[in-house]
Every structure is written in C-alpha cells, then in structure tokens.
Amino acid sequence: MKQDIIYIIRKALDSLNTEWGIALPDIEVEVPRDETMGDIATTVAMRLTKLLKKPPRKIAEEIVAEIAMQQPGYFENIEIAGPGFINFRFKQEYILKGLQSLLEEEHSSLRSDIGKGAKIQVEFVSANPTGPLHIGHGRGAAVGSALCNILKAAGFDVQKEFYINDAGLQVKLLGRSVYARYQQLLGNNVPFSEDGYKGDYVEDIAKDIHEREGDKYLNKTYEECGELISDYAYKMMLANISTDLKDFGVEFDRWQSEKELHEQGKVENAINTLRSKDLIYEKDGAVWFSSTRFEDDKDRVVRKQDGEYTYFASDICYHKDKLDRGFDTIVDIWGADHHGYIPRIRSVLEAFDLPKEKFRVILIQMVSLLRHGVPVQMSKRAGAFITLREVIDEVGPDITKFIFLTRKADSQLEFDIDVAKEQSAENPVFYVQYAFARISSLFRQAEGKGVQFTPASVDLSALKEDEEILLIKKLLLYPMVFEGTALACEPHRITYYLQELAGVFHAYYYKHRIISDDNGLTLARLSLCRGVKIVLDEGLKLLGVSAPERM
RNA sequence: GCGCCCAUAGCUCAAUUGGAUAGAGUGUCUGACUACGGAUCAGAAGGUUGGGGGUUCAACUCCUCCUGGGCGCGCCA
C-alpha cells in the first residue's frame with residue numbers, strides 16, 4: 001500500500017521536476033489521524049514550499065493534477081486539505097485486492113526485506129551470574145527477544161547473545177558468601193562479609209554443595225577452596241538464569257563468557273590493537289584509553305596499577321570481538337542506570353572503525369513493582385527482591401511479556417502483580433487473545449455447520465459494510481506499522497497496533513453476523529476473519545505471546 | 001557541581017520521529033443481543049501537553065532558561 005502510493009507520487013514529482021529542476025526530498029506518507037480525512041496522506045507539498053518558494057496548497061494542486069493525468073486508478077478521490085496535505089482515499093476494489101493477497105500469501109506478505117540480510121547482533125539481559133534474574137531483567141528479556149523476532153521478520157540476519165560477567169569481583173564475592181554459608185551450615189561460625197550477597201539462594205547453593213561434596217571444605221580456608229566454590233556457585237546461578245529465561249520463552253543463540261576472553265588472550269590483544277592506533281598511553285602506573293579523542297568526557301583506565309584489567313577492558317575486547325565476527329550492526333540493550341557508559345563504548349567502536357549509526361543502545365528503564373498497590377522495595381545485595389521466577393509462576397509469561405511490551409523501553413513502568421494477575425478486562429493481553437480465540441471459534445462453528453471454506457477462492461466483493469472496509473484497511477496498515485517498528489527498534493508499536501486491530505474486529509463482530517444463511521456472504525466474512533487471524537497471529541508471535549485457539 | 005533521561009485526562013500510558021481537532025485503556029456516569037464466546041459492544045464526561053521564551057508554513061516532539069522527579073559521574077562490575 002505504502003509502496004504503491006510512494007511510487008505514484010514519485011512518478012508525478014519526477015514529471016513535474018523537469019520543469020522545477022530541484023533536488024526532490026524524500027516522500028513521506030502517513031495515516032491521517034482522523035479516518036474521515038482519507039486513507040493515506042503525504043506532506044510532500046509542504047516540504048517543497050521552501051525549495052519552490054510557492055505556497056504549499058498551490059504545489060499540492062500541481063501534484064494532484066499530475067497524478068490525475070496519470071490515472072493510476074487506485075483512488076476513490078484525492079483531496080488537498082489543511083495547510084497542504086494531500087489525502088488519498090482508496091477504491092473498494094483496491095482494498096479488496098489487498099485482502100486477497102493477504103489471504104493468498106499469508107504470513108509472508110507481512111514480512112519485509114528492509115534488512116537485506118545484514119548481520120546484526122543484539123546483546124541483552126547479560127545479568128551478572130551472582131543471583132537470580134529479577135523483574136527488571138525480565139523486561140530486558142521481553143524487549144530484546146521481541147526486537148530480535150521483529151528484526152528477523154524484517155530481513156535481518158540476527159544473533160541473540162548473552163554476555164556473562166564471570167571474571168570479576170562480583171563472582172568472587174558470591175563465592176565468599178557461599179563459602180560463609182557453607183561453613184555456617186556445618187556449625188562453623190565464619191563471619192559474613194558486609195557486602196556479601198544475602199539472598200536465600202546463597203544458602204541454597206551452599207546446601208547443594210554440601211549435598212554433593214559433603215564436608216570436604218569444612219576445614220579449609222577460603223583461600224584454599226574459594227575458587228572452586230565460586231566456580232561452582234556461578235555456574236549454578238547461570239543454569240538457573242538460563243532456565244528462568246527458557247520458561248519465560250526467551251532463548252539465546254550464543255553465550256559469551258568474559259573469562260574466556262581473558263583466557264584466550266583476546267583482552268590483551270584488543271588493547272594492543274588500540275595501542276597500534278596510538279590510543280593507549282600510560283600514566284600514574286596505569287594504562288589508559290584515550291576515549292576523549294572521540295566523544296567521552298574523560299579518558300578511561302583499562303589496566304589498573306595492580307596490573308589487573310578493568311571491566312572496561314573486557315568490554316573493549318568484547319565489542320571488538322563482535323566486529324571481528326562480522327556483524328555490521330550492533331545493538332546493546334542495557335539497564336537505564338548504565339547510560340553513563342554509552343560514550344565510552346561508542347568511542348571504542350569508533351576506534352575500531354564502526355560507523356556511528358551502526359551502533360545502537362536501547363535503554364530499559366526501571367520497573368517499579370507493586371503489590372496490592374504498594375511499592376515493593378528491591379535490593380539485590382540485601383536479597384529483598386521479587387524474582388522473575390516468582391512473577392512467571394504467579395502471573396504467567398504471556399501477561400508479563402505483554403505488559404512489558406506495552407511501554408516504550410525508555411520510560412519507567414509500573415507493574416502491579418495483583419492487577420496483572422486478574423484475568424479481567426484490566427488486562428489488554430486478553431483483549432487481543434480473545435479476538436484470536438473468537439475467530440478460531442467461528443471457524444469451528446462454521447465447520448460444524450458444514451461450510452466449505454477455501455480462503456483463496458472466495459469472492460470478496462460482498463464485503464461492503466463500513467465496519468468491513470475499516471477492518472480491511474486496518475489489516476493493510478500492518479506492513480507500515482511493522483516497518484516503522486523495525487526501523488525504530490520499538491516493539492511496543494506492534495503491541496498497540498494489535499490492541500487497535502482487536503478493537504476494530506470486536507466492534508465489527510458485535511454489529512454483524514459472520515455465519516448466516518447467505519453462503520456467499522458467509523464465505524466473504526470468514527475470509528475477512530481469516531485475514532484478521534493471520535495478522536493477530538503474526539503480531540503475537542513477534543511479541544512472543546501465545547495465540548490460543550480457546551481460552 | 002557536571003552529564004543523561006523523564007514530566008501528557010483522576011490513574012497507567014500512546015501520539016506514525018516536525019504534521020491536521022493531542023488519542024487508548026482503566027476509573028466515573030448512561031446504555032446494549034432469547035443469534036456465531038458478554039474476557040464483548042455503543043455513548044458521555046475528563047487537557048493551557050509542568051512553566052516562560054525562541055526556531056517555522058506547522059512544536060507534545062527541536063533550542064534555551066526555570067520548577068519538580070529518576071539515574072549516572074571509580075584504577076567497582
């Protein structure tokens with residue numbers, strides 16, 4: 001639909017431009033806010049005012065006259081409105097043709113090839129393996145996973161990756177905490193460090209170790225067995241994280257260990273590469289990266305006085321590694337509290353010659369959790385937090401994901417567990433799923449009555465009601481919404497669209513009877529329902545939410 | 001102190017990346033099938049988009065200042 005319009009306008013402009021002789025701007029089309037204005041509109045006349053030094057309405061007139069001359073035959077009418085909008089209204093045949101091709105090509109007509117097979121890597125969640133995932137990670141997982149589905153459907157070659165921070169102090173701290181609990185378990189009162197992890201899960205790990213290995217570490221100091229315990233503990237946490245994600249419906253293509261990067265000498269290697277570009281220097285006994293040569297406000301230490309690499313050094317290496325693996329676009333999804341980190345990573349990627357626009361950070365804002373309308377205080381260290389696991393078990397993955405995806409990633413979100421749990425109209429998920437289930441039920445009903453339905457061969461011209469035309473137009477809008485979603489990396493747009501589509505469908509269903517004695521009409525209406533079902537299915541799949549035949 | 005993000009209907013959030021009369025859900029009020037799933041539908045009320053100034057054909061959107069909130073600012077990760 002969009003392509004047709006742009007093509008027609010382009011043709012008209014090209015023809016007019018033999019007279020104008022200017023550099024034509026991009027043609028932008030949009031759906032008017034108010035349905036009575038038309039089906040699709042362009043603002044191109046207004047964009048030309050400056051270049052042509054003519055009033056926009058006058059330019060619009062010229063364009064419309066030119067289009068009329070070319071007689072594309074798609075339009076019921078074309079109008080100039082407001083300051084210079086050109087509004088197009090489609091003929092019914094054109095709209096029915098759109099529905100027809102949706103029914104014939106089904107899901108493939110809803111995908112796109114704007115990605116052209118470009119290799120894109122999306123890194124998300126990447127939680128420290130020092131504790132279970134909390135609800136904030138869940139939001140990142142939902143957004144990241146949906147985004148990847150969307151990018152795939154848009155023709156990108158996508159890889160989903162989880163980066164494991166298994167090299168640093170935090171893992172040691174986890175080990176120390178588990179060690180202390182293990183000793184306490186066996187009656188040996190080892191003091192628990194102030195900054196240790198205090199959650200119950202730490203005790204669980206200690207118990208688990210005791211079950212498997214017995215009293216083996218009882219008389220050992222932390223120095224003697226700390227590494228073994230740390231190792232065991234974080235691996236257990238990692239398995240736990242992986243299971244939680246799987247049960248949430250999120251899977252990764254690849255898990256990258258930070259420790260491994262060190263062991264393979266890649267960290268040192270990456271720093272050396274920077275050094276060869278003259279971006280590394282020594283000062284005060286430490287080694288620095290000149291990130292201020294790019295857009296950072298201070299240079300950053302990559303190797304400390306004590307000779308250890310910093311976390312940032314691993315991250316330099318990790319991002320270089322991504323590039324070495326041949327990705328031409330890199331998307332990092334981080335918690336919003338890491339936003340201060342953007343300039344330095346941007347600097348790193350620029351240092352490795354990645355063009356600015358090929359690196360993208362999506363920040364996931366905080367989730368404030370409510371129970372009975374009261375905020376729940378979260379603190380990972382203190383062990384007081386609601387885990388993703390609890391939410392999955394209590395609320396369910398579909399609802400949780402959908403709620404996470406009804407907000408822009410970058411804005412804070414309130415998540416009330418009790419409201420989410422209610423299987424009521426409060427829950428927009430059900431509204432969409434219900435539309436799907438309702439249509440499924442219609443087909444069961446029709447089958448029961450012996451209706452023979454083969455979607456591709458139905459005469460659609462019986463679809464004449466206002467609600468029917470409106471519904472088809474909504475369906476045909478999907479590709480535009482989808483493309484915008486992929487380009488902006490904003491999954492929530494799909495969520496909104498699905499709610500609107502479900503709304504238009506429910507209204508239609510309520511007003512008109514689908515299955516009747518008129519066989520031709522029944523078939524046409526079932527075809528329309530089939531179209532709605534396909535689009536709902538596609539959209540829900542992208543979000544990672546199930547589309548149930550019955551509820 | 002410096003930097004980044006947010007402020008939209010009573011509440012939770014959108015607004016096609018600068019477009020037309022700022023929209024949904026929820027809550028409040030009023031209504032709707034002896035038919036295909038009432039987890040539904042129709043309608044009403046609800047706004048100086050935190051405030052001032054600026055940029056232009058056009059500003060919720062961009063610039064600037066102010067107010068109020070969140071988060072960063074380590075040779076931690």
Side-chain angles (χ1 to χ4, degrees), chain A residues 28-34 37 41 43 45-47 49-50 55-57 81-85 87 128 130 165 167-171 173 258 283-288 297-298 300-306 308-312 314-315 335-343 363 365-366 368 403 406-408 410-416 419 423-431 433-435 437-446 448-449 477 480-481 483-485 487-488 490 492-493 495-497 499-500 502-503 505-516 522 525 529 550-551:
Chain A
E28 294 190 25
V29 296
E30 59 189 37
V31 178
R33 219 192 277 287
D34 189 340
M37 294 172 186
T43 57
M46 290 179 282
R47 284 173 203 284
T49 46
K50 234 177 224 163
R57 288 192 69 111
F85 291 93
N87 294 333
N128 278 345
T130 53
N165 299 130
L169 184 73
Q170 299 305 322
V171 168
L173 214 55
E258 179 190 358
K283 194 182 83 179
D284 304 333
V287 180
W288 300 70
D297 55 359
K298 52 179 103 156
R300 306 291 170 176
V301 171
V302 295
R303 189 171 200 169
K304 301 181 268 183
Q305 277 181 343
D306 64 9
E308 295 269 323
Y309 284 109
T310 59
Y311 173 79
F312 178 52
S314 331
D315 240 359
D337 54 340
H338 288 70
H339 70 260
Y341 212 69
I342 296 174
L363 296 176
Q365 263 295 354
M366 256 170 42
S368 30
I403 290 176
T406 47
R407 264 74 174 165
K408 225 174 359 188
D410 197 22
S411 53
Q412 272 147 267
L413 171 127
E414 272 190 10
F415 190 99
D416 191 312
V419 173
Q423 312 249 324
S424 72
E426 293 254 9
N427 242 315
V429 205
F430 296 123
Y431 190 76
Q433 289 184 325
Y434 184 61
R438 213 174 207 185
I439 294 171
S440 305
S441 164
L442 277 173
F443 283 104
R444 288 194 292 271
Q445 195 79 218
K449 291 190 177 172
L477 231 51
M480 271 179 79
V481 174
E483 203 178 299
T485 302
L487 290 174
E490 289 180 348
H492 76 278
R493 297 193 193 193
T495 318
Y496 274 88
Y497 171 83
Q499 293 182 71
E500 285 167 17
F505 169 74
H506 284 310
Y508 168 58
Y509 174 90
Y510 191 81
K511 192 156 176 191
H512 300 285
R513 199 175 161 75
I514 310 298
I515 300 165
S516 65
T522 300
R525 289 185 168 171
C529 291
R550 298 168 202 271
M551 293 173 69

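In this text the structure is predicted, and so the values were computed from the model without any measurement.
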Could you tell me whether the phosphate oxygens of G37(B), OP1 or OP2, come under 4.0 Å of any side-chain nitrogen or oxygen in Gln445(A)?
-> yes
Below 4.0 Å: OP1/OP2 of A77(B) and any side-chain N or O of Thr130(A) = no
Of the listed G37(B), A14(B), C75(B), the closest approach to the Lys408(A) side chain comes from A14(B)
Which is it for Arg47(A) and Glu28(A) under the side-chain contact (heavy atoms from CB on, under 4.5 Å) test, yes or no, and what are the steps along the way?
-> CA-CA 10 Å; Arg47(A) 284 173 203 284; Glu28(A) 294 190 25; 3.6 Å; yes
Can you find a donor-acceptor N/O pair under 3.5 angstrom joining the side chain of Tyr510(A) to the base of A42(B)?
-> no
For the base of G72(B), is there a side-chain donor-acceptor partner from His338(A) under 3.5 Å away?
-> no
Atom-pair distance (CD1 on Ile439(A); C1' on U40(B)), nearest Å | 13 Å
Taking the same atom, C1', in G19(B) and in C62(B), what whole-Å distance lies between them?
-> 14 Å
Roughly, in whole Å, what's the span from CD in Gln499(A) to C1' in C41(B)?
-> 17 Å
Whole angstrom is fine here: how far is it from CD in Glu500(A) over to C1' in U16(B)?
-> 10 Å
Minimum heavy-atom distance Gln365(A)-Asp410(A), with the two atoms named | CG-O, 3.0 Å
Short side-chain N/O contact to C41(B) OP1/OP2 from Tyr431(A), under 4.0 Å = yes
What nucleotide among C73(B), A20(B), A77(B) has an atom nearest to a side-chain atom of Asn128(A)?
-> A77(B)
Please measure how far the C1' atom in A58(B) lies from the corresponding atom in C13(B), and state the result in whole Å.
-> 26 Å
Side-chain contact check for Gln170(A): nearest option of C75(B), C36(B), C76(B) is C76(B)
Whole-Å gap separating C1' (C36(B)) and NZ (Lys449(A)) = 6 Å
P atom, G25(B) versus U67(B): distance in rounded Å?
-> 38 Å
Please measure how far the C1' atom in G23(B) lies from the corresponding atom in A9(B), and state the result in whole Å.
-> 10 Å
Report the nucleotide, chosen from A15(B), U40(B), A39(B), that has the shortest atom-to-atom distance to any side-chain atom of His506(A).
-> U40(B)
Can Glu490(A) and Tyr496(A) be said to form a side-chain contact (heavy atoms from CB on, under 4.5 Å), step by step?
-> CA-CA 11 Å; Glu490(A) 289 180 348; Tyr496(A) 274 88; over 6 Å; no
Want to settle it: does Arg550(A) or Gln305(A) sit nearer the 5' end of RNA chain B, counting the closest nucleotide to each?
-> Arg550(A)
OP1 or OP2 of C76(B) under 4.0 Å from side-chain N/O of Lys304(A) | yes
Answer yes or no as to whether A20(B) has its base stacked against Phe85(A), where stacking requires a ring-centre separation under 5.5 angstrom and planes under 30 degrees apart.
-> yes
Side chains of Phe85(A) and Met37(A) in contact at under 4.5 Å (non-hydrogen atoms) = no
So with a 6.0 Å cut-off around NZ of Lys304(A), is the heavy-atom count from everything else above 12?
-> yes
Between the base of A20(B) and the side chain of Asn87(A), is there any donor-acceptor pair under 3.5 Å?
-> yes
Minimum-distance nucleotide (side-chain atoms of Thr43(A) versus G19(B), U17(B), G72(B)) = G19(B)
Measure from the side chain of Arg33(A), starting at C-beta and using heavy atoms only, and say which of C5(B), A77(B), U16(B) lies closest.
-> U16(B)
Partner of G10(B) under the Watson-Crick or G-U wobble criteria, both distances under 3.5 Å, comes out as U26(B)
Closest nucleotide of RNA chain B for Gly340(A) versus for Gly82(A): which of these residues is on the 5' side?
-> Gly82(A)
State which of A39(B), G70(B), G19(B) makes the closest approach to the side chain of His339(A).
-> G70(B)
Take the angle between the ring planes of Phe312(A) and Tyr341(A) and call it parallel below 30°, perpendicular above 60°, tilted in between.
-> perpendicular
Met37(A) side-chain proximity, nearest of A20(B), C36(B), G74(B) = A20(B)
Would you kindly say whether Gln170(A) and Thr130(A) are connected by a side-chain donor-acceptor distance under 3.5 Å?
-> no
Name the orientation of the base relative to the sugar in U17(B): syn if the glycosidic angle is within 90° of 0, else anti.
-> syn
When the distance from CE of Met551(A) to C1' of G37(B) is rounded to whole Å, what number comes out?
-> 10 Å
Closest nucleotide among U12(B), G37(B), C71(B) to the Arg407(A) side chain | U12(B)
Under 3.5 Å on both distances, the Watson-Crick or G-U partner of C41(B) | G31(B)
Can you tell me the pairing partner of U48(B) across any strand shown, Watson-Crick or G-U wobble, with both distances under 3.5 angstrom?
-> none
Determine: side-chain N/O of Lys511(A) to OP1/OP2 of C33(B), distance under 4.0 Å, yes or no.
-> no
Are OP1 or OP2 of A15(B) and a side-chain N or O of His492(A) less than 4.0 angstrom apart?
-> yes
Identify whether the distance between the nearest side-chain nitrogen and carboxylate oxygen of Arg300(A) and Asp297(A) falls below 4.0 Å.
-> yes
Presence of donor-acceptor pair under 3.5 Å, side chain of Arg513(A) and base of A35(B) | yes
Between U12(B) and G70(B) - P atom distance, rounded Å | 15 Å
Paired with G1(B): which nucleotide, if any, by Watson-Crick or G-U wobble criteria at under 3.5 Å for both distances?
-> C73(B)
Within this structure, what is the OH-to-P distance between Tyr434(A) and C41(B), rounded to whole angstrom?
-> 9 Å
Separation of the C1' atoms in A15(B) and G52(B), to the nearest angstrom = 25 Å
The side chain of Arg438(A) lies closest to which of these nucleotides: U40(B), C13(B), U17(B)?
-> U40(B)
